[in-house]
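Only one structure is covered here, and it is reproduced in the block below.
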Amino acid sequence: MGLVPQDAIKQFQALIDQVDEPLKKSFQNMHQGYPKETLVRFLKAREWNIPKAHKMLVDCLNWRIQNEIDNILAKPISPTDLYRAVRDSQLIGMSGYTKEGVPVFAIGVGLSKYDKASVHYYIQSHIQINEYRDRVILPSATKKYGHLIGTCVKVLDMTGLKLSALSQIKLLTAISTVDDLNYPEKTDTYYIVNAPYIFSACWKVVKPLLQERTRRKIQVLQGCGRVELLKIMDHASLPHFCKREGSGSSRHSTNGTDDCFSLDHAFHQDLYNYIKQKSLRLESVAPIKQCSFHVDVPEPNPEDTKIAQTIESEFHKLRDQNGFSHSPDNLKINGE
């Protein structure tokens, strides 16, 4: 790292050293013993502009305090049936690690319905997975491999992507905004697999709108991506939808222990039990109200709003095209 970045980090650190004590405490929970690396993430997210990075981090710390994010891993989504319904309709999980020890997260973009619970539960669940990744998974990997592992890779399965997904854009934008503003630079690479025509059409118009830093992180792979992904991870760490060409991410094609989206998968069982134990310890101090955990979602960046509007516009165009207007949910090209 050159002299200018080092100077930027020192100046940024001096500014953060001046924040109020509650913000300092929340920052400690965030950085997990790696404050410099955390500052670098926020600097990267703001193109090394110190005032902008400082505002971003202070806003993030205030958001954490106002929404009790430091305690969110002690706030279970209950009863279990409700949490299972969230897991069945918000498809995300961890399938393993790359050969370098980086956690591999899988997301079933196309088959997630977000129709079994209120929006608050989906946002709560997403933040809990982020916090569990940052406070448990990454520190454990760092200890195992003997050097800092502070990021993950994500494999996004587009199987089943339909024009009806238009109704989910508002929720997905909210989740994306939470990540962009409060968990910046936590993903090394996004691998897109099983991409149907509808994705390809949207990607062409969205790609030019993305920042170069973001574009470099996105790789659209052929088919289920197995061949390319096996270059960076072992077969056991492949998401279940990548293990067989054309298998898709159908939850009905695999058992719960193999399907990393399922509540029965080891990752979700560990997460569920971790939150349950944390809540029991907190319950012994003060009673916990059993209700959804409302989190204020920051206003999205204008660039994100423009991207969401572009996707919406593209979806409408596809819906109106000749031949698609009567069956908009079947926009696929063989071999795509």
Side-chain angles (χ1 to χ4, degrees), residues 32 34 37 73 87-88 90-112 125-126 128-161 175 179 183 185-195 199 216-275:
Q32 292 289 314
Y34 292 90
E37 289 78 4
L73 288 178
R87 289 279 58 82
D88 285 345
Q90 181 185 36
L91 303 183
I92 182 171
M94 184 182 144
S95 61
Y97 297 84
T98 69
K99 295 173 183 178
E100 302 295 324
V102 176
V104 179
F105 282 84
I107 302 173
V109 177
L111 291 176
S112 290
S125 171
H126 181 81
Q128 285 179 328
I129 290 174
N130 280 355
E131 290 292 316
Y132 186 72
R133 173 198 66 197
D134 292 352
R135 295 195 229 170
V136 179
I137 297 294
L138 293 174
S140 175
T142 295
K143 183 177 180 181
K144 178 179 178 180
Y145 286 87
H147 62 88
L148 174 63
I149 295 176
T151 57
C152 65
V153 299
K154 292 181 179 177
V155 184
L156 280 59
D157 180 26
M158 296 294 167
T159 297
L161 186 64
I175 289 174
D179 283 353
Y183 303 92
E185 300 295 319
K186 295 297 291 188
T187 303
D188 290 330
T189 309
Y190 298 87
Y191 296 101
I192 310 293
V193 302
N194 296 320
F199 170 81
R216 286 198 301 266
K217 291 183 178 184
I218 300 172
Q219 294 189 31
V220 182
L221 304 183
Q222 187 89 18
C224 71
R226 186 185 68 239
V227 173
E228 289 299 315
L229 291 174
L230 282 174
K231 295 176 182 178
I232 65 164
M233 68 185 75
D234 295 331
H235 187 271
S237 289
L238 285 174
H240 58 279
F241 50 80
C242 295
K243 289 185 177 177
R244 290 201 318 274
E245 191 70 42
S247 64
S249 65
S250 171
R251 302 185 297 287
H252 308 296
S253 63
T254 55
N255 60 47
T257 56
D258 184 50
D259 180 349
C260 63
F261 298 148
S262 171
L263 178 55
D264 299 319
H265 188 270
F267 167 75
H268 282 298
Q269 284 294 301
D270 289 346
L271 170 60
Y272 181 82
N273 290 329
Y274 183 90
I275 293 174

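Just so you know, these numbers come straight off a predicted model, no measurement behind them.
In this structure a side-chain-to-backbone donor-acceptor pair under 3.5 Å is missing from R226 to L229. In this structure, K154 contributes its side chain and I107 its backbone to no donor-acceptor pair below 3.5 Å. A donor-acceptor pair under 3.5 Å is formed between the side chain of S112 and the backbone N or O of L91. The closest donor-acceptor contact from the side chain of H268 to the backbone of I92 lies under 3.5 Å. The backbone N or O of Y190 sits nowhere less than 3.5 Å from a side-chain atom of Q219 that would complete a donor-acceptor pair.
Heavy-atom minimum distance, M233 versus P239: SD-CD, 4.5 Å. The shortest non-hydrogen separation linking L230 to K99 is O-NZ, 3.3 Å. Residue A141 comes nearest to I149 through the heavy atom pair O-CD1, 3.8 Å, listed as atom of the first residue, atom of the second, then distance. The two residues A236 and K243 come nearest to each other via the heavy atoms O-NZ, 3.9 Å. Between V104 and S237, the closest heavy-atom pair is CG1-O, 4.3 Å. Summarising the geometry of C224 relative to N194, their closest heavy-atom pair is CA-OD1, 3.3 Å, with the distance given to 0.1 Å.
Expressed to the nearest 0.5 Å, how far CG of D258 lies from CG of D264 amounts to 12.0 Å. In this structure, L148 CG and E37 CD are separated by 5.5 Å, a value rounded to the nearest 0.5 Å. Rounding to the nearest 0.5 Å places CG of D88 at 7.0 Å from OG of S262. Note that CG of D259 is 9.5 Å distant from CZ of F241, once rounded to the nearest 0.5 Å. Taking CD1 of I192 as the reference point, atom CD of Q222 lies at 14.5 Å (rounded to 0.5 Å). To the nearest 0.5 Å, the span separating NE2 on H265 from CE on M94 amounts to 8.5 Å.
The local environment of NZ in K144 is sparse, with at most 12 non-hydrogen atoms from other residues, nucleotides or ligands closer than 6.0 Å.
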Side chain to side chain contact (heavy atoms under 4.5 Å, CB included) between D270 and Y132: does it pass, once the steps are laid out? CA-CA 10 Å; D270 289 346; Y132 186 72; 3.6 Å; yes
Going through the checks in order, is the side chain to side chain donor-acceptor pair (under 3.5 Å) test met by E131 and Y183? CA-CA 9 Å; E131 290 292 316; Y183 303 92; 2.6 Å; yes
Intermediate values then yes/no, side chain to side chain contact (heavy atoms under 4.5 Å, CB included), T142 and Q32: CA-CA 11 Å; T142 295; Q32 292 289 314; over 6 Å; no
Go through D179 and H126 one step at a time and tell me if the side chain to side chain contact (heavy atoms under 4.5 Å, CB included) criterion holds. CA-CA 9 Å; D179 283 353; H126 181 81; 2.9 Å; yes
Please step through side chain to side chain contact (heavy atoms under 4.5 Å, CB included) for the pair I175 and Q90, ending with a clear verdict. CA-CA 12 Å; I175 289 174; Q90 181 185 36; 4.1 Å; yes
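Residues F199 and V109 are not in side-chain contact: their nearest non-hydrogen atoms beyond the backbone lie 4.5 Å or more apart. Contact check for N130 versus K186: no side-chain heavy atoms found under the 4.5 Å cut-off. Looking only at side-chain heavy atoms (C-beta outward), L263 and Q269 come within less than 4.5 Å of each other.
Taking the six-membered ring where the residue is Trp, H240 and F261 present perpendicular rings, their angle passing 60° and hence far from 30°.
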